[in-house]
Structures are given as C-alpha cells and as structure tokens.
Undergrad: 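A single structure is presented below for examination.
By convention here, the first residue in the shown sequence is residue 1.
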Amino acid sequence: MKLTTQYYRHIVPAVTVLFLAVIVSSFFLIRLTLQTELDSILLRSKLRVEAYVRANGRLPEVSTFNDQQIHFRRVAALRDSVLSDTMQYIPEQLKNHISRKLCFTLLLHDQPWEVTISEPLEGTRHLTILIAKIAIVTILVTLFLFVLINRSVLRRLWRPFYRSLELIQEFKVDEPGRPVYPESPIEEFRLMNQHFSQAAENANRDYRNLKEFSENASHELQTPLAIIRGNLDLLVQEPMTDRQSELLEGIYGSVRRMTRLQESLLLLTKIDNRQFTSIHTIRLDLLLQDKLQQLQELLHARSLRSHFELAETSLAANRELMDILLNNLFSNAIRHNVADGEIRAQLGERCLRVSNTGMGEALDESRIFRRFYKNGAKAENNGLGLSIIKQICDTTAMRVGYEFAEGWHSFVISW
C-alpha cells in the first residue's frame, strides 16, 4: 500500500468526523442563537406593551396581521416573567407549531393583568435547517476539494522521491558514474539522496574491488593449476608402483575438482554482476535438440535412455546463459541418475521440465538450491550446479522448482 493511500485512510475519516462534529455543533449554536433572538423580540414586545399601558391607561389593541399573538386576562396577583415553549395554532396553515411564549403581569388601574406573548418557532426551525443544509454542502465540497488539492500537492511533493527510487532501480554497479538525484527543497529527501549517493559510491567501489579480486584470483589460480596438471600428466607417464598410481590418481582428481570449482565460482560472480546482458530471441526447442545430440555419447556411456517432447517455443534471453542453464540441468540429471536409468525433457509454451530417475527419496527442497549443498556422497560434485541454475533463473526473470513423484526427480523452469 502506498504512503499516500495510507495517509488518506487516516486523514479522510478524521477530517470527516471533525466536519460532522462542526455540523452538529453549528446546528445547535445556530438554533440557540435564533432562539435567543426570538426571546429578545418577545422582551421588546413586553416593553412596548408596558409603555403603551403607562401612556394610555388601557390595554393595547391586538393585531392579527402577523404570527405574533398577544392575550390578556385578569389574575389575582403579580408574578415574575417566564419564557417557555408552547404549541400555537396558526389559522393560515391550519396546524399547530412549536412557539416561544413570554408570560408577565402588569397593573392596570390597580388590577393585575397577565399578558401572554407568543411567536412561532417554525420560521426559526426552517432557517436553522436551511443553514445546516448549506453548512453540510459547504463542508462536503470543502472535503472534496481538500482531498483533490492534497492529492495534487502530495504528488508534486513526492515526485522527487519516486524519481530517486527509479534511479536506484536502474542503478547497476558495473556501470561507471553515480545516479544524479533530483533536487528537492525538502530536507528529508535531500538527506535520503545523500545516503543513496553514498551507498551507490560504496557499491561501485566494492564491486570494483571484488571484480579486481576475482580476476586476479582467477588469473593467479589458473597458472599453478595448469602447471600442476601438466606435471601430473608427465608424472603419470613415468613407471611407478600401484600405491603411487593410486595416490597420483587421487591428486589428479582433486586438481580437476579445484578447476571446476574455480570455473563455477567465476561463473556465479559474472551472473551476480549481470555481465550477460545481450538478449536475443532463442528457439529453445532447437537448442534442446542440439543439446541432445551433444549428450548422446555420454548417455550411451552411462547406459541411460532419453525421451524428449519438444514443442516449438521461442524465448527472449541471453544465449550463453541458456546454454549454461541447459548444461547444468542435464549434467545434474546424468550425474545423479541410476544405472540403466532414464532422462525426460518436456518443453511447453511456458515451461521446461527435465526429469530423471534416481534415488528413491525426495531432495530437501529448502536447501537444494543453496551453494555447496550436497545430498549423498558424490565427491566429484562441488554443490554449485543447482545454485547456478537458480542464479540464472533469478537473473532472467524465470522460476525454477523441484518435484518428486514415483521415483522421478523433476526440475521445472517456467517463464
């Protein structure tokens, strides 16, 4: 989930709750304000009635041209003024409405009179609802614009960050130069770019050191190994005892294994450093047919039968890597087979399955692709063949899997 999505998941509900609280609070505040204003109107009407009675010595005439109603009645004693809610019948609308009522008493010719002034709250209620609706619409529009503006602003603010990520993704340690990260006024992004630049510089330096070490090690090992093998070849031609021949054969086998190990480690280093970059469209079925022809002598020598089912399949990949991949797949199938065993290869549109007979138990799927993993006592095996297959698949966006069923070990390459 993107950071902006996570941000909106938190901020939008919080802002919505805040706006709802504002709407509810505004509704009650507006209602209270309008009711207070209506109470003021009733109190001003009271003052006018009292002033009229003092000036004219009689009760005023009651007007029926507005919703305000005034009633007079004799009472026994004077009482305090009281404001309250009541129901008032509006003849024009033929229904009752909630109203505010003010009751107070005054003296007229030494006789207490109760005056009741009432005014409907209906207009105030309608006005309150109208104002609340306007507030809701305003808040919804504000929320929409808030999200829209935030999205635009965040996209612009985060653009340098995503550009830096693209440069990191495109960065290759074997290419000269460092990525040039975009300038940003944001301090955190500038700090991030500084760390990225430093990490790229360290990676380039470590790669150069490792490459130089690998090349030097390869060069330095090749010469003594070649000398040892040459001297061993000469020594084999000299007369010697059976014990000497046995010891010499062991030394010769160890040198061969060292040579294969050196070649495999150098190959893994090249694959790790992505030195196989050229991509071509390969007819995989034709490549497998050539590989079968090359393996015929070895299969015959090991008394192994082969069965290939090849559909016409094209694949965009590095030819050298695919050749190494197939060599390791079939070398593994031959080396770990049984006497009079069988090898099968099935090529479909999206996968290649190479199966072989072998020992009657499954390999450890969690470890078979690790470097130097060995299952059994195959001393001539350096434990790097399957690791090379896995590394090639990871480099070329393919997948490799292992299956075991009814005595058959299968490696499936899919893309």
Undergrad: Can Lys291 and Asn327 be said to form a side-chain contact (heavy atoms from CB on, under 4.5 Å), step by step?
TA: CA-CA 8 Å; Lys291 196 63 61 181; Asn327 282 340; 2.7 Å; yes
Undergrad: Is the backbone of Gly348 close enough, under 3.5 Å, to the side chain of Thr313 for a donor and an acceptor to pair up by distance?
TA: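 Checked: pair present.
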Undergrad: Should the ring pair Tyr162 and Trp158 be called parallel, tilted or perpendicular, given that the plane angle runs from 0 to 90° and is split at 30 and 60?
TA: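 Tilted: the ring planes of Tyr162 and Trp158 meet at 30° to 60°.
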Undergrad: Does Arg319 offer a backbone N or O that forms a donor-acceptor pair with the side chain of Asp323 under 3.5 Å?
TA: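 Not confirmed, Asp323 side chain does not pair with Arg319 backbone.
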Undergrad: Any non-hydrogen side-chain atom of Gln198 less than 4.5 Å from a side-chain atom of Gln194?
TA: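 Gln198 vs Gln194: side chains apart.
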Undergrad: Check this for me, if you would: do Lys390 and Asp394 make a salt bridge, where the nitrogen-to-carboxylate-oxygen distance has to be below 4.0 angstrom?
TA: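 So Lys390 pairs with Asp394 through a salt bridge.
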Undergrad: In this structure, are over 12 heavy atoms from other groups packed under 6.0 Å from Phe28 atom CZ?
TA: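 Atom CZ in Phe28 is not packed in, count stays at 12 or less.
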Undergrad: Would you name the heavy atoms of Cys393 and Val400 that are closest together and state the gap between them?
TA: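 In this case the closest contact between Cys393 and Val400 is SG-CB, 3.8 Å.
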Undergrad: Check this for me, if you would: do Glu166 and Arg163 make a salt bridge, where the nitrogen-to-carboxylate-oxygen distance has to be below 4.0 angstrom?
TA: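 A salt bridge links Glu166 with Arg163.
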Undergrad: Under a 3.5 Å distance rule, please check whether Tyr402 uses its side chain to pair with a backbone N or O of Leu363 as donor and acceptor.
TA: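 Judged by distance alone, yes, a pair lies under 3.5 Å.
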Undergrad: Heavy-atom count around Arg283 CZ within 6.0 Å, excluding the residue itself: above 12?
TA: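 Check passes, neighbour count above 12.
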Undergrad: Within a strict 4.5 Å, meaning less than it, do heavy atoms of the His280 and Met322 side chains meet?
TA: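 In short, these two side chains do not touch, never coming nearer than 4.5 Å.
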Undergrad: Would you compute the distance between atom SG of Cys351 and atom CZ of Arg399 and round it to the nearest 0.5 angstrom?
TA: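 It comes to 10.0 Å.
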Undergrad: Drop me the distance from Arg305's CZ to Asp340's CG, to the nearest 0.5 angstrom.
TA: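 Arg305 CZ to Asp340 CG: 7.0 Å, rounded to 0.5 Å.
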Undergrad: Quick one: does Phe161's side chain get under 4.5 Å of Leu165's, heavy atoms only?
TA: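 Counting from C-beta outward, Phe161 and Leu165 do come under 4.5 Å.
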Undergrad: Would you name the heavy atoms of Ser355 and Trp408 that are closest together and state the gap between them?
TA: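 Heavy atoms of Ser355 and Trp408 come nearest at CB-CE3, 3.7 Å.
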Undergrad: Is there a side-chain contact (heavy atoms from CB on, under 4.5 Å) between Trp415 and Leu352 once you walk through the steps?
TA: CA-CA 9 Å; Trp415 54 87; Leu352 167 65; 4.1 Å; yes
Undergrad: Under the criterion side-chain contact (heavy atoms from CB on, under 4.5 Å), I'd like the reasoning laid out for His195 against Leu191: C-alpha separation, chi angles, the key distance, then a yes or no.
TA: CA-CA 6 Å; His195 287 305; Leu191 183 61; 3.7 Å; yes
Undergrad: Could you tell me which non-hydrogen atom of Pro182 sits nearest to which non-hydrogen atom of Leu167, and how far apart they are?
TA: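 Of all heavy-atom pairs spanning Pro182 and Leu167, the closest is CD-CD1, 4.1 Å.
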Undergrad: So, for Ser164 and Asn193, which heavy atoms are closest and what is the spacing to 0.1 Å?
TA: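 Answer, listing the atom of Ser164 first, then Asn193: OG-OD1, 2.9 Å.
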Undergrad: Under 4.5 Å between any side-chain heavy atoms of Val49 and Trp113, yes or no?
TA: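 Not in contact.
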Undergrad: For Glu183, I'd like to know if atom CD has over 12 heavy atoms of other residues, nucleotides or ligands within 6.0 Å.
TA: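 No.
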Undergrad: Which heavy atom in Leu325 sits nearest to a heavy atom in Ile392, and how many Å separate them?
TA: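 Scanning both residues, the minimum pair turns out to be N-CD1, 3.9 Å.
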Undergrad: Identify the heavy atoms of Leu102 and Leu42 that sit nearest to each other, and give their distance.
TA: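 Closest approach of Leu102 to Leu42: CD2-O, 3.4 Å.
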Undergrad: Supply the atom-to-atom distance Arg353 CZ to Leu347 CG, rounded to the nearest 0.5 angstrom.
TA: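 Between Arg353 CZ and Leu347 CG, I get 12.5 Å after rounding to 0.5 Å.
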Undergrad: Checking Arg155 against Ser152 for the side chain to side chain donor-acceptor pair (under 3.5 Å) test, could you report, in this order, the C-alpha distance in whole Å, the side-chain angles of both residues, the deciding distance, and whether it holds?
TA: CA-CA 5 Å; Arg155 185 186 294 115; Ser152 176; 5.0 Å; no
Undergrad: Per the side-chain contact (heavy atoms from CB on, under 4.5 Å) rule, which among Leu326, Val354, Ile389, Leu284 passes with Ile413?
TA: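 Filter result, single survivor: Ile389.
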Undergrad: Is a side-chain N or O of Asn337 found less than 3.5 angstrom from the main chain of Glu342, in a donor-acceptor match?
TA: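 Flag set: sc Asn337 to bb Glu342 pair under 3.5 Å.
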Undergrad: What is the ring orientation for Phe369 with Phe411, classed by angle as parallel under 30°, tilted 30 to 60°, or perpendicular over 60°?
TA: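 Because their plane-to-plane angle is over 60°, the rings of Phe369 and Phe411 count as perpendicular.
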Undergrad: Is the number of heavy atoms from other residues, nucleotides or ligands within 6.0 Å of CZ (Arg151) greater than 12?
TA: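 Open: at most 12 neighbouring heavy atoms sit under 6.0 Å from CZ of Arg151.
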Undergrad: Is there a donor-acceptor contact under 3.5 Å from the side chain of Ser40 to the main chain of Thr36?
TA: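 Yes.
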Undergrad: Hey, which of Lys101, Arg100, Gln35 is the one that makes side chain to side chain donor-acceptor pair (under 3.5 Å) with Asp85?
TA: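 The side chain to side chain donor-acceptor pair (under 3.5 Å) with Asp85 is passed solely by Arg100 among Lys101, Arg100, Gln35.
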Undergrad: Go through the steps for Leu299 and Leu292 under the test side-chain contact (heavy atoms from CB on, under 4.5 Å), then give the verdict.
TA: CA-CA 9 Å; Leu299 292 172; Leu292 177 61; 4.3 Å; yes
Undergrad: Please report the C-alpha distance between Arg335 and Asn332 in whole Å, then the side-chain angles of each, then the deciding distance to 0.1 Å, and finally whether the side chain to side chain donor-acceptor pair (under 3.5 Å) criterion is met.
TA: CA-CA 5 Å; Arg335 184 181 298 114; Asn332 182 77; 5.2 Å; no
Undergrad: Going from CG on Asn356 to OG on Ser410, what distance comes out if it is rounded to the nearest 0.5 angstrom?
TA: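 Going from the CG atom of Asn356 to the OG atom of Ser410 covers 7.5 Å.
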Undergrad: Is any side-chain heavy atom of Phe330 closer than 4.5 Å to one of Leu288?
TA: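 Sidechains of Phe330 and Leu288: in contact.
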